[in-house]
Amino acid sequence: MELYLIRHGNMKGDPHIHLRPPVTDCLSDTGLRQADALGQALKNVAFSHLYSSPLGRALQTAQAVQGARSIPIQVEDW
């Protein structure tokens with residue numbers, strides 16, 4: 001088993017906003033580029049699960065990793 005721990009991309013706005021997917025407008029332009037690059041780097045990894053905190057910045061980053069995969073993002077409450 002492999003476990004990937006990923007930190008969110010550079011954020012903008014309220015860092016403590018809790019959301020549900022799909023999420024937009026939580027990452028800065030730099031954060032969007034970071035998340036997209038991460039999604040591309042991991043596009044060939046076969047994930048069985050995707051987890052995220054409810055924070056918008058984390059969810060938007062997880063969505064970039066999710067890409068076209070049919071795996072839902074499981075949002076974990078605190």
Side-chain angles (χ1 to χ4, degrees):
M1 175 175 68
E2 292 183 357
L3 177 66
Y4 291 77
L5 300 176
I6 299 167
R7 181 159 170 82
H8 59 79
N10 189 37
M11 64 184 173
K12 72 175 183 178
D14 184 355
H16 303 292
I17 190 167
H18 290 213
L19 302 168
R20 292 282 179 195
V23 174
T24 60
D25 208 36
C26 291
L27 297 178
S28 67
D29 290 339
T30 298
L32 289 172
R33 287 191 300 275
Q34 292 168 334
D36 288 342
L38 179 64
Q40 284 298 311
L42 297 175
K43 69 181 179 182
N44 294 322
V45 176
F47 290 107
S48 61
H49 295 82
L50 293 173
Y51 298 93
S52 176
S53 80
L55 296 175
R57 62 189 187 235
L59 280 166
Q60 194 168 1
T61 303
Q63 288 170 177
V65 174
Q66 181 186 36
R69 295 176 177 95
S70 60
I71 302 167
I73 298 170
Q74 184 171 335
V75 179
E76 294 294 321
D77 291 325
W78 305 104

Of all heavy-atom pairs between Cys26 and Arg57, which one has the smallest distance, and what is that distance? CB-N, 3.8 Å
From Ser53 atom OG to Asp77 atom CG, the distance as rounded to the nearest 0.5 Å: 9.5 Å
Would a 4.5 Å heavy-atom cut-off, applied to side chains only, mark Val65 and Phe47 as touching? yes
Are Leu42 and Leu32 linked, directly or through intermediate hydrophobic residues, by side-chain heavy-atom contacts shorter than 4.5 Å (ILVMFWY only)? no
Between Tyr51 and Ile73 the two heavy atoms that sit nearest each other are C-CG2, 4.5 Å
Between Gln34 and Leu38, is there a side-chain heavy-atom distance shorter than 4.5 Å? no
Separation between CG of Leu27 and NE2 of His8, rounded to the nearest 0.5 Å: 8.5 Å
Least distance between heavy atoms, Val75 atom then Pro21 atom: CG2-CD, 3.8 Å
Using modelled atom types only, decide if a donor and an acceptor are shared between the side chain of Thr61 and the backbone of Gly9 within a distance under 3.5 Å. yes
Hey, could you give me the CG/CZ distance between Asn10 and Arg33, rounded to the nearest 0.5 Å? 9.5 Å
Crowding at CD, Glu2 (>12 non-hydrogen neighbours, <6.0 Å): no
Taking NZ, NE, NH1 and NH2 as the nitrogens, is one of them in Asp25 or Lys12 under 4.0 Å from a carboxylate oxygen of the other? yes
Please find the pair of heavy atoms, one from Ala35 and one from Ala64, that lie closest to each other, and give the distance. O-CB, 3.3 Å
Quick one: does Gln74's side chain have a donor or acceptor within less than 3.5 Å of a partner on His49's backbone? no
